[in-house]
Amino acid sequence: MSILELNGITKNFGGIHALAGVDMSLERGQVLGLMGDNGAGKSTLIKIIAGSFPPTSGTIKLNEKPVTFGRPREARDAGIEVVHQDLALCDNLTAAMNVFLGRELVRKVGPFRFLNRAAMNEQSAELFADLKSETRPKDLVRQMSGGQRQAVAIARTRLSKPDIVIMDEPTAAISVRQVAEVLDLIRRLQDAGLAVILISHRMPDVFSVCDRVVVLRRGTKVADKPIGETSPEEVTGLIIGAIEAA
Amino acid sequence: MNKDTPEPDNRPDWFGFAAKYAAPIFLLGLVLIFALLQPNFLHPLNLLNVLRQVSISGLIAIGMTFVILTAGIDLSVGSLVALAGLVGAYVSKGGLDNRFAIGAEAATGNPVIYAVLAAVAVGVVGGALQGAAITRLKVPPFVVTLGGLSVFRGAALLFSGGGPISGFSPQYTWWGQGRIGIVPVPVILFFSAAIVAHVVLKHTRFGLHVYSVGGNAAASDLNGVSTRRVTFMVYVIVGFFCGLASFLLSARLNSAEAVAGMGLELDVIAAVVIGGTSLFGGVGSIFGTVVGALLIGVLRNGLVLMNVSSFVQQIVIGLILIAAVAFDQYAASRSRA
């Protein structure tokens, strides 16, 4: 049974057709590589799934039930977590406050509710330890390295028990060593039964962790096949248009 | 991941320390200098006088801190104070018929609580209108509140016909002129409000969201923080403080006037910015704002005691404001490096 099913997703921005009738499905425990050149529609598709904006037409089914998201919050509540390309972190806040931003833990004192910073720091420390990251909960994000920032953004997705984690270019701006860590993490998410959508430009990453690859070109899906039945050469050809479709 | 973790720097960070505590250090320095040059400065009555003078603009500066933390600005506070003060005074008097009555026949209108509620309501509604224009019409805060500066002043002049409403009951003027023990009432309100605002900013979800919206509004939205609601609320909060301050000001002066609060935005914004709150949003504190307000108050008072002309005071405060922002910029560029 597919956990996510997209049917005929179309998105127009004024006269620009960003997506034209994309169908896609995702199974539990599957890692799907979403590839395509800049402007192919990857980000638009992800933003529709994540509730940033609605599609012009088409339907989204989550666990076989049709859903519509008005805001990112609704998608998150439905079990879709996103690690954004720019990580969506507030530099002026601590690691722990970024992890819990939007779903802070509070303590009731009479009619008032106060932030429970101690609990948030403690839980963040556990999440960072799970990720084998040395990020400290009370450090300001402004002072952190690229890898630590990545850890904060990923730790955030583990707060809820999501069904789907979408990762937008998680390995674009970090060192080779950290790329291996992020890929390990993706495998751990998969082992836990989550479905992962990995947007990446890096062919080695996609071929090392993904079960399936979907290629978008100019807003349409030109390939959707198991990773074992394709090759980096074919995918490259599909991305740039040397191969029409596969 | 070790390799990518920056080496901890164990050298004492004098610059960082100075940057963090610049305003308190400067305030202490000023107090010392004035105390040495003018012994009367440290007289308790003079110090209480300084506190009384800063408490009205200080209350608004507390609200302004919320606004500036979201990277916003409110230029309309002086005008809103004039309008709210007049409406409060009007309610207190029960109309304009005895607008100049003083003494016993002044105390004929409505109870003081109605006047307070009316003034605060005008402030809150004024703030809400501006907040709505900023969040719904997407007009930048600078423009909306520059418009508000003109609109509220015009409304105040229209409402009062240009003249003052003066002469209130003792129950009314007590709020501006009275003392509890030796401490002036507005001073007690100022510090109480500062404590409450500090708790709200540092220990509630709303406070955290004020910081997050100022730090990265797009990221806040993606994480489920309603940037729009938070932004709207900070203008309501500053409006609330304008309403409260307008009442205290009219109580202190025993008069509400359409020209009240002219140029008040300078002192208010200067207090917040000198107190270390960044105009770019996301960084700052109520503690800093209280220090900034005290700093301006001490400076004014000290210069008066030393017979420096009030024209020069204006110049000095303006220059310190610019220096504070220059320092903020420099510190920000250093911390990025």
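Values reported hereafter were calculated over all heavy atoms of this structure, with side chains retained and with hydrogens, waters and symmetry mates removed. Throughout, protein chains are lettered first and strands after them, A, B, ... in sequence-line order, and every chain is numbered starting at 1. This one's a predicted model, so the numbers in the text were calculated from it and none came from an experiment.
Proximity to chain A is limited to the side chain of V199(B), based on heavy atoms less than 4.5 angstrom apart. The contact between L101(A) and chain B is made by backbone and side chain atoms together, counting heavy-atom distances below 4.5 Å. For R113(A), the part sitting under 4.5 Å from any heavy atom of chain B is the backbone (N, CA, C, O) and nothing else. At a 4.5 Å heavy-atom cutoff, S226(B) makes no contact with chain A through either its backbone or its side chain. Residue R107(A): no heavy atom, backbone or side chain, is found under 4.5 Å from chain B.
Using a 4.5 Å heavy-atom threshold, the side chains of N116(A) and H203(B) count as separate. Residues S52(A) and L222(B) meet the side-chain proximity criterion, which asks for heavy atoms closer than 4.5 Å.
Here E104(A) is the residue among E104(A), R73(A), R103(A) with the most heavy-atom pairs under 4.5 Å with chain B. Contact count versus chain B (heavy atoms, under 4.5 Å) is highest, among L89(A), D86(A), D77(A), for L89(A). Of all the listed residues (R71(A), R117(A), E74(A), H84(A)), the one sharing the greatest number of non-hydrogen pairs under 4.5 Å with chain B is H84(A).
Remark: R136(A) CZ is loosely packed, at most 12 non-hydrogen atoms of other residues, nucleotides or ligands lying under 6.0 Å away. When the shell of 6.0 Å around NZ of K11(A) is examined, it contains more than 12 heavy atoms from other residues, nucleotides or ligands. Annotation for F207(A): atom CZ counts as buried by contact number, over 12 foreign heavy atoms lying within 6.0 Å.
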Just do the side-chain contact (heavy atoms from CB on, under 4.5 Å) check on L208(B) and L115(A) with the steps written out, would you?
-> CA-CA 9 Å; L208(B) 182 70; L115(A) 293 175; 4.0 Å; yes
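In this structure, N92(A) contributes its side chain and Y211(B) its backbone to a donor-acceptor pair below 3.5 Å.
Nearest heavy atom pair, residue C90(A) against residue S212(B), reads SG-O, 3.6 Å. Across every non-hydrogen atom of F114(A) and T204(B), the tightest pair is CD2-CG2, 4.2 Å.
Put simply, CG on N216(B) and CG on L93(A) are 9.5 Å apart, with the number rounded to the nearest 0.5 Å.
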